[in-house]
Protein chains: 2
Amino acid sequence: MSGFDLTLLEHDNLGGTIYQKLCEALMKGAFKPNDRLKIRDLADRLGTSVTPVRDAILRLVQDQALVLRSPRDIRVPMLTRATYLEIRDIRVNLEGLAAARAAEQATPAQIEALESLLKRNEEAMAAGNTALATELNQIFHFKVSEFADMPVLGDILRRLWLQMGPLIADVYGGAGRTMIDHHYPLMDAIRGHDGPAAASAIQADILLASGPILERIDGVHPEALAV
Amino acid sequence: MSGFDLTLLEHDNLGGTIYQKLCEALMKGAFKPNDRLKIRDLADRLGTSVTPVRDAILRLVQDQALVLRSPRDIRVPMLTRATYLEIRDIRVNLEGLAAARAAEQATPAQIEALESLLKRNEEAMAAGNTALATELNQIFHFKVSEFADMPVLGDILRRLWLQMGPLIADVYGGAGRTMIDHHYPLMDAIRGHDGPAAASAIQADILLASGPILERIDGVHPEALAV
DNA sequence: ATTCGATGCATGATGCATCATAATGCCGCA
DNA sequence: TGCGGCATTATGATGCATCATGCATCGAAT
């Protein structure tokens, strides 16, 4: 009943479209950390001129989803352990806040939507489709902040996820199960409209999920530096 | 002893320079909410072509420091009460986290730097220079997150302040005293390396400072809508 | 006859493409 | 391993076509 979804209005200009395409690519892990992106190359592949690609890249750099290592060298950033930990701590705070607020004001329809996501996630996991499971997990987290009615917070989260995208795709893309079990306590809290419990639950989820990623960072970082 | 200030490394390309110029202008309140910006106009005034201005505007839009009301209508956003409250809540969480960490690991030199800022702020206030006082207050908040060693958080904060910039400049630019008194409990907590106390102090500061701004939003918003 | 509303046109600003240039990455060599 | 040259690549400028905004004129109703 909240009117139309205004966020879909962005598809007017080419630059915005390319930006979204690149966002999805980063989230999906189509680019790996330390990969180099070339504007002309992308323009050729997309069949456009360099201008809109330039626009999209610039926006991604502003999001820190890409970095300009030098004025002519655009790369996917390699998160250091310290940076990843910082992002994790920020998420613990922000998503905790969002989960609490979402729990307090969640409608039955919203609760059902979250449950549906969990169910689809389970199915994807059972089918061994880890890529889909990871994506559904991500959507779940975004939905929570959406239901908290905090668009600014949601945007910050989107950016943080964009920065982590290549890394977590690298970690969970290969093997391992997604951490869906931790979401059920959160659902219980939301159903009970218990804000603090919801915050604790999602915070525990984030911290637990960071384990495999931290292991991976330690293992992958020196090797990547050698390349 | 923490090396150079890496944020100044951006001055390589024209677009980055213009971006920073526009950021300062927004912070200083050179643009008012609902002002319209024209790319060609700015390009003429800066003596460059439209390309770097375009880049800068695009980055500002990505920061949500500007909005594209229509594809050819770039404006300074008018914060709604809800959006301002959301930003305030996010700041309460994030700056609380940063203040706690800064308190725990602050060096004597850093403590002295903060005290110096407070002193200069007092002087500016005594001289009736509210613009400078507001700017110093802002620098104080940024320094806290810098000393917390959280660059990602600092960047998020910078963006939030960029969004609020025109509004608070509008409120505090005219008259009224800056809320410097609330910073002294924070300094006490930092000197004592008491993280939780520092968090509480800065949170109280943010909440108290939001009072005049909220009053102003209520007063200014219907009037602006009528225009 | 006057005022309100609608349609059409002109102005103006932006998005995208193309071009020139200067700086850099990469590769090979000492 | 360190350095130099070449090809490459981003940056900045310019031009054109498109589209929205605003104004003026025209028509109709009271």
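Lettering of chains follows the sequences in order, A, B, ..., and the numbering in each one begins at 1.
- When the options Leu162(A), Leu46(A), Leu60(A), Thr17(A) are evaluated for a side-chain contact (heavy atoms from CB on, under 4.5 Å) with Leu22(A), the one that passes is Leu60(A).
- Looking at heavy atoms from C-beta onward, Asn34(B) lies in side-chain contact with Arg75(B) at the 4.5 angstrom threshold.
- Taking five base pairs at each end of the helix from dA1(C)-dT30(D) to dA30(C)-dT1(D) and finding the rotation axis that steps the C1' atoms of four pairs onto the next four gives two axes whose angle is 30°, to the nearest 10°.
- How far CG of Leu14(A) is from NZ of Lys21(A): 10.0 Å, rounded to the nearest 0.5 Å.
- Going from atom CG of Leu37(A) over to atom C1' of dA10(D) covers 13 Å, rounded to whole Å.
- For dA23(C), neither phosphate oxygen OP1 nor OP2 lies less than 4.0 angstrom from any side-chain nitrogen or oxygen of Ser70(A).
- For the pair Ser49(B) and Ala43(B), the tightest heavy-atom approach, listed with the atom from each and the gap, is O-CB, 3.6 Å.
- Atoms CG and CD, on Asp155(A) and Gln64(B) in that order, are 4.5 Å from each other to the nearest 0.5 Å.
- Note on Arg120(A) versus Glu123(A): no salt bridge recorded, every NZ/NE/NH1/NH2 to OD/OE distance being 4.0 Å or above.
- DNA chain D is contacted by Arg54(A) of residues 47-57 of chain A, taking any non-hydrogen atom closer than 4.0 Å.
- No salt bridge links Arg40(B) with Asp44(B); every basic N to acidic carboxylate O contact stays at or beyond 4.0 Å.
- Atom CZ in Arg40(B) sits about 14 Å away from atom C1' in dC16(C), given to the nearest Å.
- Between Arg69(A) atom CZ and dT9(D) atom P the separation is 15 Å, expressed in whole Å.
- Contact check on Glu24(A) versus Lys28(A) returns no salt bridge, with no Lys/Arg side-chain nitrogen under 4.0 Å from an Asp/Glu carboxylate oxygen.
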Short heteroatom pairs, N/O only, protein and nucleotides 5-8 of chain D, under 3.5 Å:
none

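- In this entry the distance linking CD1 of Ile74(A) with P of dG25(C) reads 12 Å, nearest Å.
- Of all heavy-atom pairs between Trp161(A) and Arg91(A), the closest is CH2-NH2, 3.4 Å.
- Residues Gly96(B) and Gln203(B) approach most closely at CA-NE2, 3.9 Å, considering heavy atoms.
- Looking at Asp55(A) and Arg59(A), no side-chain N of the basic residue comes within less than 4.0 Å of a carboxylate O on the acidic one, giving no salt bridge.
- Protein atom CD1 of Ile39(B) is 17 Å distant from nucleotide atom P of dA20(D), rounded to whole Å.
- When each of Gly15(A) and Arg75(A) is assigned the nucleotide of DNA chain C with its nearest heavy atom, Gly15(A) is the one assigned upstream, toward the 5' end.
- In this structure, Asn13(A) atom CG and dC19(D) atom P are separated by 13 Å, rounded to whole Å.
- For the pair Asn34(A) CG and dG25(C) P, the computed distance is 13 Å after rounding to whole Å.
- Here dA13(D) presents its C1' atom at 15 Å from CG of Leu46(B), a figure rounded to the nearest Å.
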